Amino acid sequence: MKSIIIRELQPDDKQAFLEATNASIGLHHPWVKAPVTSQEFEKYLQRYMQPTHKSYLLCDESGKIAGVFNISEIVRGQFQNGYLGFYALSGYAGKGYMSAGLKLVLEKIFTDLDLHRIEANIQPGNTQSIALVKNNGFRKEGFSPRYLKINDEWRDHERWAMTIEDWTNKPS
């Protein structure tokens, strides 16, 4: 894999983002509901422009969007925590892009955002996402029944997390 980058979502990403998410609906269902309309993108963009949220686009060597990493509900003070969500886009799943991108995102989380802890909540049947976080140093912390509403249905999730100490001490 050649060089990849992560960068923050921008308003001018709208067309490329929507083309990529619409082409990926089959890949995402039932795990995640990504924005697929102009109105959904605008709401998504507004949310991720807030100081408590960040959205990073994973781009391939040609600049095409390969995946998305979102950090939401960033809490400061004594907690210094956020929640990680992510999804690959069609044509990039299972090819190592998301693992390479997650490494870059974790660096942003623990250095630029100065968080102490990041948590990823993943549906038990989503074995690819579980493998991604597990292989990148997250530990399973528990199970939350009916944790998150996705596609109008409350879904169970496993809780996976990493602290800065885990990240700092992780073998290369």
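Remember, predicted model here, so these are calculated numbers, not experimental data. Note: hydrogens, waters and symmetry copies are ignored here, and every other heavy atom, side chains too, is used.
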Does a side-chain heavy-atom distance below 4.5 Å link Arg155 with Lys149? no
Between Asp156 and Tyr147, does the side-chain hydrogen bond (donor to acceptor under 3.5 Å, both in side chains) criterion hold? Intermediate values first, please. CA-CA 5 Å; Asp156 299 343; Tyr147 177 77; over 6 Å; no
Indicate yes or no: at least one non-hydrogen side-chain atom of Leu18 is less than 4.5 angstrom from one of Thr37. no
Flag the pair Trp160 / Ser129 as yes when at least one side-chain heavy-atom distance between them is below 4.5 Å, and no otherwise. no
CD1/Ile164 to CD1/Ile118 distance, rounded to the nearest 0.5 angstrom? 12.0 Å
Answer yes if Tyr97 and Ile122 sit in the same cluster of Ile, Leu, Val, Met, Phe, Trp and Tyr residues linked by side chain heavy atoms under 4.5 Å apart, and no otherwise. yes
Evaluate the side chain to side chain contact (heavy atoms under 4.5 Å, CB included) criterion for residues Glu158 and Val133: first the C-alpha distance (whole Å), next the side-chain angles of each, then the deciding distance (0.1 Å), finally the verdict. CA-CA 11 Å; Glu158 292 181 3; Val133 296; over 6 Å; no
Please check if any side-chain donor atom of Glu165 sits under 3.5 Å from a side-chain acceptor atom of Trp167, or the reverse. no
Ignoring hydrogens, what is the shortest heavy-atom contact between Trp154 and Arg146? Give both atom names and the distance. CE3-O, 3.6 Å
What ring pair (Phe, Tyr, Trp, His ring centres under 6.0 Å) pairs are there with at least one residue in residues 26-45, not counting sequence neighbours? Phe17-Phe41, Phe17-Tyr44, His28-Tyr87, Tyr44-Tyr48
Under 6.0 Å from the CD atom of Glu42, do we count more than 12 heavy atoms belonging to anything else shown? yes
Any donor-acceptor pair under 3.5 Å linking the side chain of Asn169 with the backbone of Asp166? no
Steps toward side chain to side chain contact (heavy atoms under 4.5 Å, CB included) verdict (Cys59, Ile4): CA-CA 6 Å; Cys59 299; Ile4 59 163; over 6 Å; no
I'd like to know if the side chain of Gln15 and the backbone of Asp12 have a donor-acceptor N/O pair within less than 3.5 Å. no
Here's a test for you: under side-chain contact (heavy atoms from CB on, under 4.5 Å), which of Leu89, Ile6, Leu9 qualifies with Leu57? Leu9
Could you pull out the closest heavy-atom pair between Pro51 and Ile74, with the gap in Å? O-CD1, 4.3 Å
When the ring planes of Phe86 and Phe69 are compared, do they come out parallel, tilted or perpendicular, using 30° and 60° as the limits? tilted
Can you find a side-chain donor-acceptor pair between Lys54 and Asn70 that sits under 3.5 Å? no
OG of Ser24 to CD of Glu19: how many Å apart, nearest 0.5 Å? 11.5 Å
With clusters defined by side-chain heavy atoms of hydrophobic residues (ILVMFWY) lying less than 4.5 Å apart, directly or transitively, does Leu45 cluster with Val68? yes
Heavy-atom closest contact (Leu27 atom, Ala88 atom, distance): CD2-O, 3.6 Å
Considering only heavy atoms from C-beta outward, does the side chain of Glu153 approach that of Pro30 to under 4.5 Å? no
Between the main-chain N or O of Gln46 and the side-chain N or O of Gln50, is there a donor-acceptor pair closer than 3.5 Å? yes
How about Gln39: does its CD atom have over 12 heavy atoms from other parts shown lying under 6.0 Å from it? no
Does Pro35 offer a backbone N or O that forms a donor-acceptor pair with the side chain of Thr21 under 3.5 Å? yes
Side chains of Tyr56 and Glu8 in contact at under 4.5 Å (non-hydrogen atoms): yes
Heavy-atom pair of closest approach, residues Ser90 and Ala23: CB-O, 3.6 Å
Would you say that more than 12 heavy atoms from the other residues, nucleotides or ligands in this model lie under 6.0 Å from the NZ of Lys64, or not? no
Path from Leu84 to Ile130 over hydrophobic side-chain contacts below 4.5 Å: yes
Nearest 0.5 angstrom please: Arg47 CZ to Ser72 OG, how far? 5.0 Å
Verify same cluster id: Tyr92, Leu132 (apolar side-chain graph, 4.5 Å): yes
Could you verify whether a donor N or O on one side chain and an acceptor N or O on the other, from Glu119 and Asn121, lie under 3.5 Å apart? yes
Common cluster, Met162/Met98, ILVMFWY with side-chain heavy-atom separation under 4.5 Å: yes
Between Asp13 and Arg7, does any side-chain N to carboxylate O distance fall below 4.0 Å? yes
How long is the straight-line distance from CD of Glu40 back to NZ of Lys33, given to the nearest 0.5 Å? 4.0 Å
With sequence neighbours excluded, what pairs up with Ser144 under the side chain to side chain donor-acceptor pair (under 3.5 Å) test? Arg159
Can you find a heavy atom in the side chain of Met49 that is under 4.5 Å from one in the side chain of Pro11? yes
Testing Arg117, Glu73, His116 for side-chain hydrogen bond (donor to acceptor under 3.5 Å, both in side chains) with Asn81, which one passes? Arg117
Is there a side-chain contact between Tyr83 and Ile71 (heavy atoms, below 4.5 Å)? no
Got a donor-acceptor contact below 3.5 angstrom from the Lys108 side chain to the Leu104 backbone? no
